[in-house]
Enquirer: 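Below is a structure I'd like to ask you about.
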Amino acid sequence: MERRMGSKAKMSGFPEWLPEQELVQARVLQILREQFGLHGFTPLHLRSVEPVEVLTSKGEDADKEIYGVQRLAAEPGTAAKLGLHFDLTVPMARYVMQNRGSLVFPFRRYQIAPCWRGERPQMGRYREFIQADIDIIGEGSLDPMYDAEMVWLLAHVMKALPIPAVQLYVNNRKLLEGLYRGFGIEDITTALRIVDKLDKIGADKTIELMVEAGIATATAQRCIEVANIEAQDASLRETIGAFGVSNDLVEEGLRELVAVLEYGHGGGVTAALRIARGLDYYTGTVVEGVLESHPKAGSVCSGGRYDNLAGDGKVKLPGMGVSVGVTRIMALCFHHGLLEASPKKTTADVLVIVHDDESVSQSHAVARQLRERGVACVVSHRASAYGKQIQWAEKVGIEYVWFPPRKGGEHEVKNIRSGEQAAADPSAWTPR
RNA sequence: GCGGGCGUAGCUCAGUCGGUUAGAGCGCCGGUUUGUGGUACCGGAAGUCGUGGGUUCAAAUCCCAUCGCCCGCCCCA
């Protein structure tokens with residue numbers, strides 16, 4: 001059966017990296033796993049597919065971006081009962097509900113996995129993308145202190161990655177809702193959606209839209225004043241106090257938000273009251289991070305508190321989680337040249353030269369000896385001229401070329417960057 | 001889902017008021033260099049001009065359709 005795999009065209013929204021890029025991403029993933037592990041989060045792999053009801057129950061218009069999954073042989077015209085998850089939080093909530101009897105709370109886990117959304121692709125926005133998601137779930141209740149800890153953890157993790165600086169912005173939905181209620185706004189969701197466009201369309205247009213939605217001009221103006229607030233410390237209390245709105249939501253939201261700010265970031269996290277985004281299951285703290293150098297490229301990490309995602313009438317399983325948009329980060333960094341692609345296109349550090357067809361097995365023996373000691377290497381694919389073999393090593397970014405002994409001579413290693421060549425012992429030599 | 005742009009060699013593109021065998025740079029392969037790369041010079045391979053149809057003596061070029069990719073909106077990692 002002769003069939004060529006795929007077409008040469010890229011599939012929009014399904015990014016695939018080159019080896020040198022993939023190696024950089026692998027490093028990023030490794031750091032994320034190390035950091036998450038350091039904080040006691042357990043890696044947990046959950047399935048990619050969920051019943052459609054599970055995926056849609058917590059997001060109103062999320063259904064149109066969900067990819068349905070069914071057998072090719074399914075009855076034509078039938079709606080898919082299964083869908084690919086669009087984030088890692090919703091499946092995790094389902095899992096925690098199902099296994100709550102076997103889990104120990106507060107439950108911490110992380111998962112790094114692809115997610116799928118059927119949106120129109122663009123730079124940094126894909127239909128398949130890797131997300132690194134980390135959550136902590138409480139049983140009955142979850143101390144607001146965890147909100148602060150998770151935001152701190154997110155800031156810490158982003159700093160540990162080999163990427164340009166990320167600025168984190170936090171807000172609190174209780175605070176916003178409390179203020180908006182205090183202003184007399186009833187349809188909070190609509191108001192927030194409009195205000196969220198402030199950056200793009202400007203204040204005048206925003207007010208116009210709000211008035212169209214039945215909000216008084218003066219009220220709309222106050223909303224915009226709120227949206228413009230930024231703070232890095234408890235001075236936020238006075239700023240908010242000036243609006244003269246006092247209710248439980250405002251008090252609670254303010255307390256939580258200030259707690260996040262004061263968790264020891266030293267100003268690394270900014271409260272920005274314009275941040276209203278995130279999936280709509282968030283109930284309190286919300287956080288969002290952008291690359292300082294490219295804030296308009298969208299958020300590269302985000303998260304928040306969700307008190308009602310998991311649990312039913314009887315059990316309450318509130319959670320706090322954040323996730324890192326690995327694919328978006330990689331795409332932005334590659335596109336804008338924000339980080340060096342790996343100089344290497346392979347994991348090998350050494351290329352073992354093959355002198356001639358008769359000594360191939362000798363070269364393989366050297367390679368085995370090196371690998372036993374953890375030195376990554378490959379044997380040259382062809383006993384061509386040394387220059388050709390060295391050239392191949394150069395092309396894939398291998399720094400060392402190993403010459404097995406000839407005619408009873410010694411092993412030699414050449415560093416092809418420096419040009420240095422010297423005798424070496426395969427049972428002792430290590431790169432660098 | 002709505003709006004706009006673009007599909008010519010592996011990559012980036014030139015060529016388009018229709019006219020002989022469709023070009024460049026980079027990359028790739030080979031040679032100068034009788035087995036130790038990177039530079040330089042010389043040579044070579046490589047294209048159903050996205051696809052289908054139409055107009056014409058003649059289409060990469062004009063018309064229609066279709067598919068794909070990219071950008072903006074929406075939304076979000």
Side-chain angles (χ1 to χ4, degrees), chain A residues 6-15 18 28 32 59-66 85-89 111-134 154 158 163 166 192-194 196-197 200-201 275-282 286-291 296-304 321-333 335 351 353-357 359 380 382-403 406 412-422:
Chain A
S7 63
K8 68 171 184 178
K10 293 174 184 171
M11 196 179 287
S12 183
F14 295 85
L18 291 170
V28 165
L32 289 171
E60 289 158 32
D61 58 358
D63 52 329
K64 62 183 175 188
E65 64 182 34
I66 294 173
H85 60 228
F86 56 86
D87 73 0
L88 299 173
T89 307
Q111 180 172 7
I112 300 175
C115 298
W116 295 268
R117 292 181 196 174
E119 297 173 278
R120 186 69 70 204
Q122 261 167 57
M123 166 54 59
R125 190 177 84 182
Y126 300 103
R127 290 180 159 174
E128 177 180 73
F129 55 94
I130 294 171
Q131 203 166 315
D133 185 89
I134 180 166
L154 182 61
M158 297 314 281
I163 62 172
V166 170
L192 284 176
R193 269 185 62 185
I194 297 172
D196 193 44
K197 297 179 183 174
K200 284 179 185 170
I201 64 179
I275 304 292
R277 320 176 135 200
L279 282 310
D280 52 5
Y281 47 65
Y282 293 129
V286 289
V287 57
E288 172 179 314
V290 297
L291 290 175
K296 286 180 182 169
S299 55
V300 295
C301 59
S302 70
V322 294
S323 49
V324 178
V326 176
T327 304
R328 174 172 289 176
I329 289 174
M330 300 322 298
L332 294 177
C333 287
H335 182 76
L351 174 72
I353 291 287
V354 175
H355 294 301
D356 46 48
D357 292 342
S359 66
S380 181
R382 187 156 84 109
S384 49
Y386 292 149
K388 299 291 178 198
Q389 300 191 50
I390 291 172
Q391 217 167 45
W392 188 87
E394 211 272 324
K395 276 195 287 190
V396 296
I398 290 179
E399 190 173 355
Y400 298 96
V401 171
W402 191 284
F403 290 88
R406 301 194 74 183
E412 288 190 14
V413 176
K414 173 170 185 155
N415 179 324
I416 65 173
R417 298 214 185 117
S418 65
E420 219 175 304
Q421 182 165 340

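So you know, we letter chains A, B, ... as the sequences are listed, proteins then strands, and number each from 1.
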Enquirer: Can you tell me which nucleotide in rA77(B), rC71(B), rC75(B) comes closest to the side chain of Ser323(A)?
Expert: rA77(B)

Enquirer: Identify all stems in which RNA chain B takes part, counting only runs of at least 3 consecutive pairs (Watson-Crick or G-U wobble, each distance under 3.5 Å), and give each as one range with another, ordered by first number.
Expert: B:1-7 with B:67-73, B:10-13 with B:23-26, B:28-32 with B:40-44, B:50-54 with B:62-66

Enquirer: Side chain of Phe403(A), heavy atoms from C-beta onward: which of rC71(B), rG35(B), rU36(B) has the nearest atom to it?
Expert: rU36(B)

Enquirer: Please work out if Cys301(A) contacts a base, only the sugar-phosphate, or nothing of the nucleic acid, heavy-atom cut-off 4.0 Å.
Expert: sugar-phosphate

Enquirer: Starting the side chain at C-beta, find the nucleotide from rC71(B), rG37(B), rC70(B) nearest to Ser12(A).
Expert: rC70(B)

Enquirer: Could you check how far CG of Asp356(A) sits from C1' of rG35(B), rounded to whole Å?
Expert: 10 Å

Enquirer: On RNA chain B, nearest-nucleotide positions of Lys388(A) versus Glu128(A): which is more 5'?
Expert: Lys388(A)

Enquirer: Distance check needed: rG68(B) P versus Phe14(A) CZ, whole Å only.
Expert: 12 Å

Enquirer: Given side chain to side chain contact (heavy atoms under 4.5 Å, CB included), test Ile353(A) with Glu412(A) step by step and report yes or no.
Expert: CA-CA 10 Å; Ile353(A) 291 287; Glu412(A) 288 190 14; over 6 Å; no

Enquirer: Is the backbone of Pro114(A) close enough, under 3.5 Å, to the side chain of Glu128(A) for a donor and an acceptor to pair up by distance?
Expert: no

Enquirer: What is the distance from CD of Glu420(A) to P of rG38(B), rounded to the nearest Å?
Expert: 20 Å

Enquirer: From C-beta outward on Ile416(A), which listed nucleotide comes closest to its side chain: rC71(B), rC76(B), rG37(B)?
Expert: rG37(B)

Enquirer: Take atom P in rC28(B) and the same atom in rC67(B), then report the distance between them in whole Å.
Expert: 38 Å

Enquirer: Below 4.0 angstrom from OP1 or OP2 of rC29(B), is there any side-chain N or O of Lys395(A)?
Expert: yes

Enquirer: If I pick the C1' atom on rA46(B) and the same atom on rA24(B), what distance separates them, to the nearest angstrom?
Expert: 15 Å

Enquirer: Kindly indicate whether the side chain of Arg120(A) and the base of rC75(B) share any N or O donor-acceptor pair separated by less than 3.5 Å?
Expert: no

Enquirer: In whole Å, what separates the P atom of rU66(B) from that of rC71(B)?
Expert: 23 Å

Enquirer: In this structure, how many angstroms lie between the P atom of rC28(B) and the CH2 atom of Trp392(A), rounded?
Expert: 14 Å

Enquirer: Just how far, in rounded Å, is P of rA77(B) from CE of Met158(A)?
Expert: 13 Å

Enquirer: Which whole number of Å gives the distance between the C1' atom of rG68(B) and that of rU32(B)?
Expert: 45 Å

Enquirer: State which of rG38(B), rC76(B), rU36(B) makes the closest approach to the side chain of Gln391(A).
Expert: rG38(B)

Enquirer: Please work out which of the three classes, parallel, tilted or perpendicular, describes the rings of His85(A) and Trp116(A), given edges at 30° and 60°.
Expert: tilted

Enquirer: Met123(A) has a side chain; which of rC69(B), rU36(B), rC71(B) sits nearest to it?
Expert: rC71(B)

Enquirer: Tell me: CD of Gln111(A) to P of rA77(B), nearest whole Å?
Expert: 16 Å

Enquirer: When you get a sec, tell me which of rC69(B), rC75(B), rA77(B) is the closest nucleotide to the side chain of Lys197(A)?
Expert: rC75(B)

Enquirer: Flag as yes if Tyr386(A) stacks onto the base of rG37(B) (centroids under 5.5 Å, planes under 30°), otherwise no.
Expert: no

Enquirer: Nearest whole Å is fine: how far is rG4(B) C1' from Gln122(A) CD?
Expert: 12 Å

Enquirer: Taking side chain to side chain contact (heavy atoms under 4.5 Å, CB included) as the criterion, tell me which of Ile112(A), Val300(A), Leu154(A) meets it with Val324(A).
Expert: Leu154(A)

Enquirer: Apply side chain to side chain contact (heavy atoms under 4.5 Å, CB included) to the pair Val287(A) and Val322(A), showing each step before the final yes or no.
Expert: CA-CA 8 Å; Val287(A) 57; Val322(A) 294; 3.9 Å; yes

Enquirer: I want to verify a distance call: between rC75(B), rG35(B), rG37(B), whose nearest atom is closest to the Glu394(A) side chain?
Expert: rG37(B)

Enquirer: Exactly one of Leu88(A), Ile130(A), Asp133(A) should register a side chain to side chain contact (heavy atoms under 4.5 Å, CB included) with Cys115(A). Which one does?
Expert: Leu88(A)

Enquirer: Could you work out which one of rG30(B), rC29(B), rA77(B) sits closest to the side chain of Ser299(A)?
Expert: rA77(B)

Enquirer: Side chain of Arg117(A), backbone of Glu65(A): donor and acceptor closer than 3.5 Å?
Expert: no

Enquirer: Of Glu119(A) and Val354(A), whose nearest nucleotide on RNA chain B comes first from the 5' end?
Expert: Val354(A)

Enquirer: Quick check: does any side chain N or O of Arg127(A) sit under 3.5 Å from a backbone N or O of Pro121(A), one acting as donor and the other as acceptor?
Expert: no

Enquirer: I'd like to know if Gln389(A) reaches the base of rU36(B) with its side chain such that a donor and an acceptor end up less than 3.5 angstrom apart.
Expert: no

Enquirer: What integer number of Å spans the C1' atoms of rA60(B) and rA22(B)?
Expert: 8 Å

Enquirer: Looking at rG35(B), rC29(B), rA77(B), which one has an atom nearest to any side-chain atom of Arg117(A)?
Expert: rA77(B)

Enquirer: At 4.0 Å (heavy atoms only), tell me whether Arg127(A) reaches a base, stays on the sugar-phosphate, or touches nothing.
Expert: nothing

Enquirer: Work out how far the P atom of rC26(B) is from that of rG44(B), and round it to whole angstrom.
Expert: 16 Å

Enquirer: Which value, in whole Å, describes the distance between the P atoms of nucleotides rU39(B) and rC76(B)?
Expert: 50 Å

Enquirer: For a quick test of reading the model, state the closest non-hydrogen atom pair linking Gly303(A) to Tyr282(A) and the distance between them.
Expert: CA-OH, 3.5 Å

Enquirer: Please tell me if the side chains of Phe403(A) and Gln421(A) come closer than 4.5 Å, counting only heavy atoms from C-beta onward.
Expert: yes

Enquirer: Whole-Å distance between rC75(B) C1' and Asp87(A) CG?
Expert: 14 Å

Enquirer: Using the C1' atom as the point on both nucleotides, what is the distance between rG10(B) and rG1(B), in whole Å?
Expert: 36 Å

